[in-house]
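Ligands are counted one by one from 1 in listed order, and the atoms in each one are counted from 1 as well. All values below come from the heavy atoms of this structure, side chains included, with hydrogens, waters and symmetry mates left out.
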Amino acid sequence: MNTPFLFLLMLALIPFFPFSSSTRYTTLTLGSSLSAPEDVLVSLPTAIFTAGFYPVGDNAYFFAIWFTEPLIDGNVTIVWMANRDQPVNGRNTKLSLSHSGNLVLTDAGQLVVWTTNADSAHLVQLQLHDNGNLVLQNTIDDVVIWQSFDSPTNTLLPQQPLTRNVRLVSPRSQTNYSTGFYKFFFDNDNVLRLVYNGAEMTSVFWPPPWLNSWDAGRTTYNDSKIASLDLVGNFLSSDDFQFNTTDFGFGPQRRLSIDPDGNARVYSLDKAEKIWKVTWQLTPEPCKTHGICGLNGLCLYTPGAGPTCSCLPGYKMKNSMDWSEGCVPEFEISCNDIDSVHFLKISHVEFYGYDIKYYPNYTLDECKNLCLSYCNCKGFQFKLEPEQGFYSCFPKMMLFNGYQSIGFGYWMHIRLPKSKQLVNSIQEVNVQCSGRVTQLDRAYNKTHERSWLKSLLWCTGAVGAFEIMFLLIFLYKTRQRSGGSLQQYLQVATGFKRFTYGELKTASRNFCEEIGHGGSGVVYKGKLSDNRVAAIKRLNEANQGEAEFLAEVSLIGRLNHANLIEPWGYCAEGKHRLLVYEYLEHGSLTENLNSDKLDWSKRFDIALGTAKGLAYLHEEYLEWVLHCDVKPENILLDSTYQPKVADFGLSKLLNRGSMERSNFSTIRGTRGYMAPEWVFHLPITSKVDVYSYGIVMLEMVTGRSPKGLNNGDASNGGIEHKRLVSWVREIMNGTNEEGSSSSSWIEQIVDPGILEGEYDVVRMENLVRVALQCAHENKDARPTMRQVTDMLLGYETNTS
Ligand SMILES: *[C@@H]1O[C@H](CO)[C@@H](O)[C@H](O)[C@H]1NC(C)=O
Ligand SMILES: *[C@@H]1O[C@H](CO)[C@@H](O)[C@H](O)[C@H]1NC(C)=O
Ligand SMILES: *[C@@H]1O[C@H](CO)[C@@H](O)[C@H](O)[C@H]1NC(C)=O
Ligand SMILES: *[C@@H]1O[C@H](CO)[C@@H](O)[C@H](O)[C@H]1NC(C)=O
Ligand SMILES: *[C@@H]1O[C@H](CO)[C@@H](O)[C@H](O)[C@H]1NC(C)=O
Ligand SMILES: *[C@@H]1O[C@H](CO)[C@@H](O)[C@H](O)[C@H]1NC(C)=O
Ligand SMILES: *[C@@H]1O[C@H](CO)[C@@H](O)[C@H](O)[C@H]1NC(C)=O
Ligand SMILES: CC(=O)N[C@H]1CO[C@H](CO)[C@@H](O)[C@@H]1O
């Protein structure tokens, strides 16, 4: 080798590197070595990557490869490690290329910690390539003897193949890089899987184990077992699994990592801000990752804050430093003495797996006795099967993979000794309309309105707020932006795209065609570059941090239902916050209510579709979404007059931490449609939407607006629209007493101008009865939205 030349080259390169106190190599030749801690090898040709000794503690180092350029917080991002489970000493430790052509990491001059075991050729050299691959190569014919791409740790770089013998394994924690519990690999059946492989148990959770591979969109026939992420952000696997990152296209540096929380994510480097942004992730629901809180633990998820763990009542943390070890009971239960046992009910909690057996159509008492009859039964899941209309019992031999889910009808009953006088220390999960609510004056003065709206959430409570096209709304007080790259999660669903402000400006022709506005912002019509017509909502207030905004947007982006308006994307640039939605030609129900286009059968479809959309928000989508502002303006109609619920952005919520009643004494929603709970400061549940739905349905049938004539303040909002309800009720009551046929009371309430007698009296009666039930003052007397769809649908199937 031409040493003077190399020396000059190194001199020339030195100014480009921020830390220049150490020796920088670009090539390691036979017999030479890198000494800990300072020596590094930089990648060729442009030094994107650096290989060297990365400190992990007092005098403890990994031999690792990282991105040379540090992030905004000064830390570098590691992409590969040689000795993740065995850090080496800082002194007298070397990575040497032995004369036999072997790469050896020796700790403190003696112990071989790691080696390539590849001694074959003699004329080899070690170089780091700009794609992040550390390559031991024959200098004569360029044959690769060994490369780091073949033995990844938890990160896959673009163009690095994931092959049959290779697995990505998560680190233990954010700060502990040693081998963790989550493995991403090709299984024996040729399917790419993510598996929790803990100390006590193993379980596959992706693709969902209850689906067969075919249903999960995978093929088991291609045994080439190869997957990789390419330079434009397309990941393709031989089992047919593929995705595109949200920032699809050439440009940003990307990496796919298996994170310590068991999620796989693709990160793209934002060069300007020097942070990693998540542009794809495998599961948007972090608590559904198996094993995350260990045995007897329960996972709670708050967007922004991420998942948190807690122990079940009666259990305590096994190792206060490590949730993966879960919780242990603070009691002992004797098997035979069933009198000393009781069951503690925890609502909205699901534990996945470890069922002793599945028992359909069981009552609660039968299920309790069943659990008592098994010595190893730690509790049981009691669950409503909405389709069959009965409850099922799942006695559990282990309480694992527990998470709180405000799904419909999930209860967990855990077995505890009677002597343990435990209250349910896990807060009953309540549902509220906004994640972070600031304490408000509970009186709603009209004069207050402006500042109230400005400073807070955007529940469009404004009198007369006329919102034709509604999208979603969220606004919080500006919050500190969390700097860590991991907080920058952009949880995205396929098709939910990030737009630039310029793109949207062009699409809307500089925001010229206004199609609606409300408290939260103005909606414009626009045409996207792919010729789709969109509704673009420009939010008034941009004082929400970007990360915050993205966390909220991502929730909305995951909602997908035929009866919900489809979110297409968003823009968060500087002060601008915009949301992009599908555009519906027929506008809202308000505009169509008095038109003759809506015949009876269309109205029935609107009733049913709206109920389905709301039921999805409440129940199927397990993220606890309430709408809180159901009204005709927020029910949009597509070309066939099928309804789509809009403006469910008001709904997002989830902060269990602030569930105190006092925290949401704010009146939300629109006068005329608000449930009495708002007025009387009762707990807010999904039943507020049921109430509003009932009022909307009555309005649709009668043609009478629930908004009173006077524009008095909304604190008596519960009173006025009672008139519509009691009016209907009285007519129904009165004529029935007189013994006249049902058609006569229906005739009296149905808007004669609109429906002209052409309707199915029996179905109409059913609809009105359901609507009245929904608008019951007592929330417990109202059905759930799921029951509403069943009642409307059940009737359909019974009669046809
Ligand atoms: C990292 O986790 C492993 C496995 O639990 C443990 O043995 C090791 O001590 C941890 N290292 C640090 C630095 O905490
Ligand atoms: C198997 O997958 C590889 C990689 O995706 C692809 O190139 C190949 O054509 C596939 N083979 C078959 C038989 O589909
Ligand atoms: C990714 O984008 C490319 C180009 O737009 C497209 O052909 C491909 O179908 C996309 N793949 C997925 C999984 O969306
Ligand atoms: C559930 O059990 C009850 C009582 O044994 C029975 O009457 C009912 O038909 C069952 N339901 C179904 C759907 O099997
Ligand atoms: C709102 O109304 C209350 C009670 O009527 C009153 O004390 C308060 O000053 C009003 N607030 C504003 C800003 O007008
Ligand atoms: C950056 O490194 C410091 C010290 O090594 C650590 O305390 C901090 O958590 C790191 N920041 C991130 C975002 O990982
Ligand atoms: C309906 O009739 C019953 C019995 O006559 C009466 O008690 C009730 O108050 C009536 N309800 C309404 C809303 O008029
Ligand atoms: C944000 C907020 O107002 N939080 C309050 C919620 O309620 C609890 C208990 O009443 C208060 O301590 C919080 O400050």
Side-chain angles (χ1 to χ4, degrees), residues 149-150 156 158-166 168 184-193 206-207 213-252 254 256 264-266 268 278-284 357-370 380 382-394 409 490-500 503 528-532 554 557-558 560 566-569 786-787 790-791 793-794 797-798:
F149 268 17
D150 289 341
L156 204 65
Q159 293 183 308
Q160 174 178 5
L162 184 72
T163 57
R164 62 180 61 236
N165 298 319
V166 164
L168 300 181
F184 189 67
F185 67 108
F186 279 105
D187 214 338
N188 292 338
D189 62 354
N190 307 319
V191 171
L192 196 56
R193 290 189 203 285
W206 182 86
S213 303
W214 187 256
D215 288 337
R218 313 297 191 82
T219 172
T220 52
Y221 299 127
N222 190 331
D223 64 0
S224 54
K225 294 193 188 183
I226 187 158
S228 70
L229 180 67
D230 69 12
L231 289 173
V232 290
N234 173 264
F235 182 90
L236 183 62
S237 157
S238 58
D239 68 354
D240 282 357
F241 172 68
Q242 66 161 315
F243 65 81
N244 286 341
T245 59
T246 48
D247 61 347
F248 188 76
F250 283 103
R254 298 188 179 89
L256 183 148
R265 298 185 177 89
V266 175
S268 298
V278 177
T279 50
W280 176 81
Q281 71 175 343
L282 190 140
T283 71
K357 216 176 147 192
Y358 164 60
Y359 296 91
N361 198 6
Y362 260 58
T363 66
L364 185 59
D365 281 337
E366 284 171 339
C367 197
K368 278 183 182 166
N369 289 332
L370 190 70
F380 59 89
F382 195 59
K383 187 179 154 196
L384 177 64
E385 312 278 6
E387 266 143 45
Q388 290 94 337
F390 56 62
Y391 291 90
S392 297
C393 176
F394 301 82
L490 164 52
Q491 303 165 332
V492 278
T494 338
F496 194 60
K497 183 177 169 211
R498 180 181 193 128
F499 291 91
T500 66
E503 270 176 286
L528 303 179
S529 55
D530 55 8
N531 283 330
R532 289 185 298 176
S554 68
R558 280 146 50 199
N560 174 17
E566 192 183 323
W568 283 348
R786 173 63 54 212
Q787 286 165 335
D790 289 348
M791 284 190 273
L793 264 179
T797 46
N798 285 351

Problem - Numbered atoms and elements of ligand 4 in range of Phe390, under 4.0 angstrom, heavy atoms - result: 12 (C), 13 (C)

Problem - Sub-4.0 Å protein heavy atom near atom 2 (O) of ligand 2 - result: yes

Problem - Aromatic plane relationship, Trp280 with Phe243 - under 30° parallel, 30 to 60° tilted, over 60° perpendicular - result: parallel

Exercise for the section: Would you confirm whether the ring centroid of Phe394 sits within less than 6.0 angstrom of the ring centroid of Tyr358? Expected result: yes

Completion exercise
In terms of its nearest heavy atom to atom 11 (N) of ligand 2, the top option of Thr219, Asn222, Asp240 is Asn222

Problem - Result of checking Arg193, Lys225, Arg218 against Asp239 for salt bridge (charged side-chain N to carboxylate O under 4.0 Å, His left out) - result: Arg218

Exercise for the section: Report yes or no: do Thr279 and Thr246 form a side-chain donor-acceptor pair below 3.5 Å? Expected result: no

Exercise for the section: Taking atom 5 (O) of ligand 2 as the reference point, report whether a protein heavy atom occurs under 4.0 Å from it. Expected result: yes

Exercise for the section: Give, for atom CG of Asp223 and atom CD1 of Ile226, the distance between the pair rounded to the nearest 0.5 Å. Expected result: 12.0 Å

Handout entry: atom 12 (C) of ligand 4: the protein heavy-atom neighbour that sits closest, reported with distance to 0.1 Å
Key = Asn361 ND2, 3.3 Å

Practice task
Specify whether Phe380 and Phe382 have parallel, tilted or perpendicular ring planes, treating 30° as the upper limit for parallel and 60° as the lower limit for perpendicular.
Solution key: perpendicular

Exercise for the section: Just jot down the ligand 2 atoms closer than 4.0 angstrom to any heavy atom of Ser224, in number order. Expected result: 1 (C), 2 (O), 3 (C)

Problem - Heavy-atom nearest option to atom 8 (C) of ligand 3, drawn from Asn244, Leu236, Val232, Asn234 - result: Asn244

